[in-house]
There are 2 protein chains.
Amino acid sequence: MTGGKIRNMEEFARVSGISRPTVSKYFNDPGSVRSSTRARIEAALEQHDYRPNIYAMNQNRKLTKNVGVVVPLLSDPYFAEIARNLEQRCIAAGYRPTLFSSHGDPAFEVEVLETLRSLKPAGVLLAPLGRASDRQALEKFCSDVPTLIFDSSVDEIGLAFVGSDNFQFTAHITDYLCRTGEPPCFFEMKTPANPNAHRRRQSYLNAMQEFGHTPHVISIDGEGWGFEEIGRLGGHEALQKGSFSTNTILCSNDRLAIGLLTACYEKNIRVGRGDDCAIRVAGQDGHPHSRYTCPPLTTISHNYDAVSQTAAEALFTAIEGQVSPWKSTRLEGKLILRDSA
Amino acid sequence: MTGGKIRNMEEFARVSGISRPTVSKYFNDPGSVRSSTRARIEAALEQHDYRPNIYAMNQNRKLTKNVGVVVPLLSDPYFAEIARNLEQRCIAAGYRPTLFSSHGDPAFEVEVLETLRSLKPAGVLLAPLGRASDRQALEKFCSDVPTLIFDSSVDEIGLAFVGSDNFQFTAHITDYLCRTGEPPCFFEMKTPANPNAHRRRQSYLNAMQEFGHTPHVISIDGEGWGFEEIGRLGGHEALQKGSFSTNTILCSNDRLAIGLLTACYEKNIRVGRGDDCAIRVAGQDGHPHSRYTCPPLTTISHNYDAVSQTAAEALFTAIEGQVSPWKSTRLEGKLILRDSA
DNA sequence: GGCATAATTTTACGCGCGTAAAATTTATAT
DNA sequence: ATATAAATTTTACGCGCGTAAAATTATGCC
């Protein structure tokens, strides 16, 4: 960084001894210019640290390099983690990711999509709110912007869907619980925000039938995204009423389980698989926090890396021109055995 | 939304019967045009749902309406929560917030600032990584872009600093612990990422001296932002060695406390203030998760709302032209009594 | 060395809007 | 009604870059 400040691409082209259109081409795709030219531009870049004006760039480009990443609730570490993962993959692939959270609010989700639309992104990685989402708005957005849906599926919209195999999740952990103790009952929200919850319930019912056990589902009240509190309150009520039919409780997700663990603590009920424990509790998701609950939570974890890799690559492929029919990819989870079950 | 698609402001101006420069003025600041004109534009807006091209807008505007919000680690729900709060205040004030996480990495923090710079933001709300931050890069950025520092202070850079009063935090909770049981020892990281940790240790030492007790600090090893794991491992070691001099442990922050609680669980040590409990554990921060630990964590909470409101307003005031000398605002925290101490 | 091909340069235009200055209209006060 | 200030319109230019077409130059190959 020596020379005076470079004001625009014209000046930068002059100092690097290359024509402006070629410089423009370089910034659009460094591989599209001859390697000797690329070397000269990069040498000049070291001297002058010029960066093209992104507004002027994006105004005229047919396709920006922007990628939107939208999650339902960024304050949920699960989504924060997957968003971070996706963000890094976008950067690595030469895109400019922008992060958005719907904050659990369908109206805000629509606003986010509107904002996103005005960003003219090359593509969007969208984890919809689910049940509460404005289907029509989503559909319209997907028809305008190349959108890959992840985490939670809403019909067959967008380019494709990538997420976890919730049937496998619940079947697998139900199997584990049945083999190691009393068959589990299933603890869930009556009106879950996320459609994955329905698959999990169904998978639980299937698995129990297959194993020859009688299923038992406890559906608790509660609206919104405060799952821990919903789980805690629902747990208190269920414990009070004796709604749990066995000593083993499989929760629809980890955050619900975390709330239930708190309820158990508050009711002085010892959780775990030891002889001195009254009940076993398991979750589903492999939530970043699940390692640190007391007891640490047995759960079945998303394959964060594989989900984000598959999702990101599918989007990039589509952006770069490969058209392929809508497809749903569901990845298996991995059982994580800890002390709670 | 009736009429055909509007391509640009020219067309929109035509259908609304207003000149383009006035329409432009409206979008820049709706209050700057006569109310009758505003009404006509807004009527047209209902009919045609036109939105100005943000790239063309920002290219020419001297000052964009963009505001960057940068936190050290978005997967920490504490930062996610404060980021959400700030984001909403920006929107309410008519700005366009963009969220960034440094992901705990000083090199990435610098990259974020570079990205931000090319966004030509009107202002930035920045929570620095702290000790690991590239001071020079931060300082240079602050001299180019109106930046308000929050959460963790780095010298006297930027427009101002807004955060919590860590001295008050620790003094207050230390006082509480002393009054209700054995005086606490202090559990912290040897090389904390965040400078607030130093203030808290110092405040602990001051408070203990003032109350006439002998302070005792346990400084544990560990690098990075995986505080729970650091707290858990450090907790195991300290418990093993009998490093805790009293039955009461005040942790430098909630995440460390969460890890310590897990260690206690794993060592079968009962935590709480009941007669059957061996030790008391308290945290600091009012972390969103602290309600759901087992036992629920006694802590002293940031005033999230007040911090974000003060920070946001200070930035907006500065953006809108009010120059005022650098100032540090530190807000008091509120004690939250739960079962752990 | 000559040729086909690819890369680059030249030239020129346009994107959608901000903005400034002067002319004109409208609102407000006297 | 008239003067004055404020808002709006007209006109015109420029921002920094993408992009297209044609002309030129460089590269690889036999």
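Just so you know, these numbers use all the heavy atoms, side chains as well, and skip hydrogens, waters and symmetry mates. Proteins get letters first, then strands, A, B, ... in listed order; numbering begins at 1 in each.
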Round to a whole Å and report the spacing from CZ of Phe27(B) to C1' of dT19(C).
17 Å
Interatomic distance where CZ belongs to Arg14(A) and P belongs to dT9(C) [whole Å]
14 Å
Ser16(A) (side chain) donor-acceptor with Phe12(A) (main chain) under 3.5 angstrom
yes
Is Arg89(B) paired with Asp305(B) through a side-chain N to carboxylate O contact shorter than 4.0 Å?
yes
So that I can tick it off, tell me whether Lys25(B) and Asp29(B) are bridged by a salt bridge, with the cut-off set at under 4.0 angstrom between side-chain N and carboxylate O.
no
Salt bridge or not between Glu87(B) and Arg84(B)? Use side-chain N to carboxylate O under 4.0 Å.
no
Rounded distance in Å - CD1 (Ile41(A)) to C1' (dA7(C))
12 Å
Could you tell me the separation between the CZ atom of Arg38(A) and the P atom of dA7(C), rounded to a whole number of Å?
11 Å
Tell me: CZ of Arg61(B) to P of dT19(C), nearest whole Å?
7 Å
Which pairs, protein N/O on one side and nucleotides 14-16 of chain C N/O on the other, fall under 3.5 Å?
{"residue": "dC15(C)", "atom": "O2", "partner": "Asn60(A)", "partner atom": "OD1", "Å": "2.3"}
{"residue": "dC15(C)", "atom": "O2", "partner": "Asn60(A)", "partner atom": "ND2", "Å": "3.2"}
{"residue": "dG16(C)", "atom": "O4'", "partner": "Gln59(A)", "partner atom": "NE2", "Å": "3.0"}
{"residue": "dG16(C)", "atom": "N2", "partner": "Asn60(B)", "partner atom": "ND2", "Å": "2.7"}
{"residue": "dG16(C)", "atom": "N3", "partner": "Gln59(A)", "partner atom": "NE2", "Å": "3.1"}

If only side-chain N and O atoms of Thr22(B) are considered, is one of them under 4.0 Å from the OP1 or OP2 phosphate oxygen of dT8(D)?
no
Tell me, yes or no, whether the heavy-atom count around Gln136(B) atom CD, taken from other residues, nucleotides or ligands under 6.0 Å, exceeds 12.
no
Less than 4.0 angstrom between a side-chain N/O of Ser24(B) and OP1 or OP2 of dG18(C), yes or no?
yes
Whole angstrom value for the distance that separates P of dT19(C) from OH of Tyr26(B):
17 Å
What class does the angle between the rings of Tyr50(B) and Phe27(B) fall in, given that below 30° is parallel, 30 to 60° is tilted and above 60° is perpendicular?
perpendicular
For a quick check of understanding: with a heavy-atom distance under 4.0 Å over all strands, which category does Asn28(B) fall into, base, sugar-phosphate or nothing?
sugar-phosphate
Upstream residue (5' side of DNA chain C) when Lys62(B) and Arg34(B) are each assigned their closest nucleotide:
Lys62(B)
Tell me the interatomic distance from Arg40(A), atom CZ, to dA7(C), atom P, rounded to whole angstroms.
16 Å
Closest to the 5' end of DNA chain C, once Ser35(A) and Arg20(A) are matched to their nearest nucleotides, is Ser35(A)
Is the His103(B) ring parallel, tilted or perpendicular to the Phe108(B) ring (thresholds 30°, 60°)?
tilted
